[in-house]
Amino acid sequence: MIVCKFGGTSVQDAAAIARLVEIVGTRAAEQPLVVVSALAGVTDGLLRLARAAELGGSSHRDRLDAIVARHEEVAGAFPGTGEAVEAIRAEARVLARELDAVAGRRVTPCEMDAVLSHGELWSSRLVAAALAAGGVPARWVDVRPVMVTDDRFGRATPYVQVLNARARECLGPLLAGGVVPVTQGYIGATATGVPTTLGRGGSDFTAALLGAALRARRVEIWTDVDGLMTADPRIVPSARTLAVASYEEAAELATFGARVLHPATAVPLVRENIPIVVLNSTRPDRPGTVIESSAELERLGDSPVRSISWKRGITVINIRAPRMLGAYGFLRQLFEVFERHEVVVDVLASSEVSVSLTIEDPSHLSLVRRELEELGEVWVDEHRAIVAVVGIGLKHEPGLAARVFGAVTPTCIEVISQGASAINMTFVVKEEDGPDVVRRLHREFFGTC
Ligand code: ADP
Ligand code: ASP
Ligand code: MG
């Protein structure tokens with residue numbers, strides 16, 4: 001079997017879903033399992049309507065009506081979608097009443113996940129009906145009883161052994177019987193059935209988890225670009241598509257801002273050695289990028305660098321503590337502060353008496369800062385971006401740092417780091433300098449920007 005995951009833009013309207021139907025049709029002999037995201041922009045729309053409901057009034061109802069109308073419009077392009085539309089309308093009526101009751105208070109993370117899960121539930125209903133209308137023996141499957149997770153709402157962790165067993169039990173017989181299951185990315189549920197989500201962009205991760213569970217031959221990620229590229233084409237219009245990349249490179253790039261893949265996508269697939277193929281749903285004839293485990297990957301021209309990514313919205317926390325000098329246990333104390341407040345640290349650089357680290361989510365910053373001040377002097381730099389230069393070739397590349405830093409001069413760079421895997425070099429710049437730094441690095445390593 002194979003997994004075909006379609007992102008938001010690949011299901012955004014009737015034309016996109018018609019392309020999906022064609023693509024899945026070409027894979028019929030390979031037992032495809034279809035995983036879909038919400039229609040482009042719908043997850044953000046649901047988030048906004050939940051926030052609107054907190055303020056009271058009725059604007060959340062108007063927003064919800066608009067989202068439902070968008071689904072109805074798509075459905076109108078395909079025969080036999082009446083049942084899907086009825087289900088969407090009925091669920092929207094329940095959601096509207098739940099949101100009415102929110103007025104005047106914050107939506108809890110648990111409630112938010114329930115709201116957001118409608119995006120994928122509704123898009124998958126449309127896609128299943130459109131596939132059936134196109135002659136594909138598709139069946140809508142609710143992923144929630146399969147994707148059993150913990151209850152960390154907004155970034156729930158799936159219980160892999162449970163989901164492996166459930167996926168084989170629920171989806172295996174359908175696939176074996178020639179049915180094409182159509183299910184949701186991004187969403188799951190706790191063991192007691194409370195809806196959860198896996199974190200933004202999480203549909204790729206769902207596809208990988210189901211692919212590993214069902215021992216897929218490959219996991220296809222259908223999106224709006226030709227594959228994994230040498231940089232985000234929105235920043236570097238001349239960016240080139242990579243024919244191949246390793247799991248490690250893809251994970252580093254995704255962690256540091258290459259939105260094309262969720263950072264955890266490769267994790268379930270590495271052990272089973274299942275390739276990920278990133279493909280463009282508007283140009284299905286293009287070869288895309290194959291992401292697999294391989295020590296002998298081709299180099300792009302003679303560049304040691306495979307791709308450059310960047311991530312905005314980063315906060316740098318600096319701690320200076322003279323007592324760190326020659327002491328042991330200091331870093332443990334430092335990281336316990338982050339652990340207590342469940343704050344994820346991305347990049348770290350340290351000197352004899354100081355440590356700098358980056359965080360993405362500043363919501364617990366003031367609490368973290370107060371506790372860190374007990375360890376030393378603390379200062380915080382906001383509005384920063386991480387830039388990552390990634391490539392297996394970096395391992396054996398003398399003089400690489402000189403090329404990187406030469407290319408970005410005179411931009412001020414901070415928190416320089418290269419991990420033990422030695423396939424990436426990351427550093428921090430002011431957020432407004434990010435795009436220009438990426439373009440200059442692209443010109444240095446790929447000759448264009
Ligand atoms: P989907 O809705 O299909 O999940 P996303 O918007 O999440 O798609 O990801 C696709 C986008 O990722 C592209 O439109 C592109 O702008 C962005 N992107 C960032 N870095 C890269 C990269 N290195 N290669 C390809 N795309 C990238
Ligand atoms: N719809 C979700 C999001 O917008 C998940 C995904 O698209 O992968 O984050
Ligand atoms: Mg995505």
Side-chain angles (χ1 to χ4, degrees), residues 8 11-12 36-73 87-126 142-144 147 149-157 184-190 192-203 205-206 259 262 312-315 340-344 359-370 382-383:
V11 291
Q12 66 182 348
V36 295
S37 294
L39 272 52
V42 165
T43 307
D44 287 330
L46 290 165
L47 198 72
R48 282 195 294 268
L49 80 84
R51 294 284 169 239
E54 291 174 343
L55 304 174
S58 63
S59 74
H60 60 278
R61 281 194 168 247
D62 301 335
R63 289 171 186 271
L64 183 55
D65 287 346
I67 291 175
V68 173
R70 186 163 159 211
H71 287 79
E72 286 169 349
E73 193 189 324
I88 292 170
R89 284 190 189 135
E91 286 166 22
R93 279 194 293 274
V94 176
L95 178 60
R97 280 196 298 276
E98 285 167 0
L99 289 169
D100 290 343
V102 163
R105 65 168 177 86
R106 291 287 287 179
V107 170
T108 65
C110 168
E111 289 169 332
M112 186 60 95
D113 274 1
V115 174
L116 298 184
S117 61
H118 288 88
E120 271 67 14
L121 289 168
W122 294 346
S123 63
S124 56
R125 286 193 188 280
L126 292 183
D142 186 344
V143 84
R144 290 171 296 181
M147 193 60 62
T149 72
D150 65 11
D151 62 357
R152 278 156 58 101
F153 299 103
R155 51 188 167 120
T157 303
Q184 307 80 38
Y186 176 57
I187 70 171
T190 64
T192 56
V194 181
T196 56
T197 63
L198 309 184
R200 294 302 303 269
S203 296
F205 189 35
T206 305
R259 194 160 48 99
H262 183 278
R312 65 193 318 153
I314 297 297
T315 303
R340 264 196 299 281
H341 298 286
E342 298 188 355
V343 175
V344 178
I359 62 166
E360 207 183 336
D361 176 4
S363 47
H364 295 116
L365 182 59
S366 51
L367 288 172
V368 166
R369 182 178 188 150
R370 202 170 316 143
E382 290 171 317
H383 309 297

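As a basis for the values below, the full set of heavy atoms in this structure was taken, side chains included, without hydrogen atoms, waters or symmetry mates. Residue numbers start at 1 and run along the sequence shown.
Heavy atoms of other residues, nucleotides or ligands lying less than 6.0 angstrom from NE2 of His383 number 12 at most.
Using a 4.5 Å heavy-atom threshold, the side chains of Arg70 and Gln12 count as touching. Looking only at side-chain heavy atoms (C-beta outward), Gln184 and Thr206 stay at 4.5 Å or farther from each other. At a threshold of 4.5 Å between non-hydrogen side-chain atoms, the residues Asp151 and Thr192 do not count as touching. Arg106 has its side chain within reach of Arg51: a pair of non-hydrogen atoms, C-beta onward, lies under 4.5 Å apart. Side-chain contact between Val11 and Glu120 is absent, with no heavy atoms from C-beta onward closer than 4.5 Å.
Every residue two or more places apart in sequence or in another chain was checked for a side chain to side chain donor-acceptor pair (under 3.5 Å) with Glu73, and none qualifies. Contacts of Arg89 classified as salt bridge (Lys or Arg N to Asp or Glu O under 4.0 Å), with partners at least two apart in sequence or in another chain: Glu72, Glu86. Looking at residues two or more places apart in sequence or on another chain, you find a side-chain contact (heavy atoms from CB on, under 4.5 Å) between Asp150 and Arg152, Ala156, Thr157, Tyr159. Listed by chain and number, the residues in a side-chain contact (heavy atoms from CB on, under 4.5 Å) with Ser123 are Val36, Leu39 (sequence neighbours excluded). Residues passing the ring-ring contact (aromatic ring centres under 6.0 Å, His included) test with Tyr186: none are found, sequence neighbours excluded. Residues that satisfy the side chain to side chain donor-acceptor pair (under 3.5 Å) test with Asp65, not counting sequence neighbours, are absent from this structure. Residues forming a side chain to side chain donor-acceptor pair (under 3.5 Å) with Arg63 (at least two apart in sequence, or on another chain): none. Listed by chain and number, the residues in a side chain to side chain donor-acceptor pair (under 3.5 Å) with Asp62 amount to none (sequence neighbours excluded). Residues satisfying the salt bridge (Lys or Arg N to Asp or Glu O under 4.0 Å) criterion with Arg105, sequence neighbours excluded, are Glu111. Shown here are the side-chain contact (heavy atoms from CB on, under 4.5 Å) partners of Arg144, two or more places apart in sequence or in another chain: Leu121, Asp142, Ile187, Ala189, Pro195. Arg370 is linked by a side-chain contact (heavy atoms from CB on, under 4.5 Å) to Leu367, counting only residues two or more places apart in sequence or in another chain.
Nearest heavy-atom pair across Val344 and Ile359 is O-CG2, 3.6 Å. Across Asp113 and Gly154, no two heavy atoms sit closer than the pair OD2-N, 2.7 Å. A pairwise comparison of heavy atoms in His262 and Gly201 identifies CB-O, 3.3 Å as the closest pair. Considering all non-hydrogen atoms of both residues, Arg97 and Arg61 come closest at N-NH2, 4.0 Å. Nearest heavy atoms, Ser37 versus Ser203: OG-OG, 3.1 Å. The shortest non-hydrogen separation linking Val42 to Gly119 is CG1-CA, 3.8 Å.
Separating the CG atom in Leu95 from the CG atom in Asp100 is a distance of 9.5 Å, to the nearest 0.5 Å. Here OG of Ser59 is found 10.5 Å from CG of Leu99. Values are rounded to the nearest 0.5 Å. Arg93 CZ to Ile88 CD1: the interatomic distance, rounded to the nearest 0.5 Å, is 12.0 Å. Separating the CZ atom in Arg48 from the CD1 atom in Ile67 is a distance of 8.0 Å, to the nearest 0.5 Å. Atoms NE2 and CG, from His118 and Leu46 in turn, are 8.0 Å apart once rounded to the nearest 0.5 Å.
Residues in residues 45-73 take part in these ring-ring contact (aromatic ring centres under 6.0 Å, His included) pairs, two or more places apart or across chains: His71-Trp122.
Using modelled atom types, no side-chain atom of Glu360 and backbone atom of Ile314 make a donor-acceptor pair closer than 3.5 Å.
Checking each of Val194, Thr197, Thr108, Leu116 against Phe153 for a side-chain contact (heavy atoms from CB on, under 4.5 Å) leaves exactly one that passes, namely Val194.
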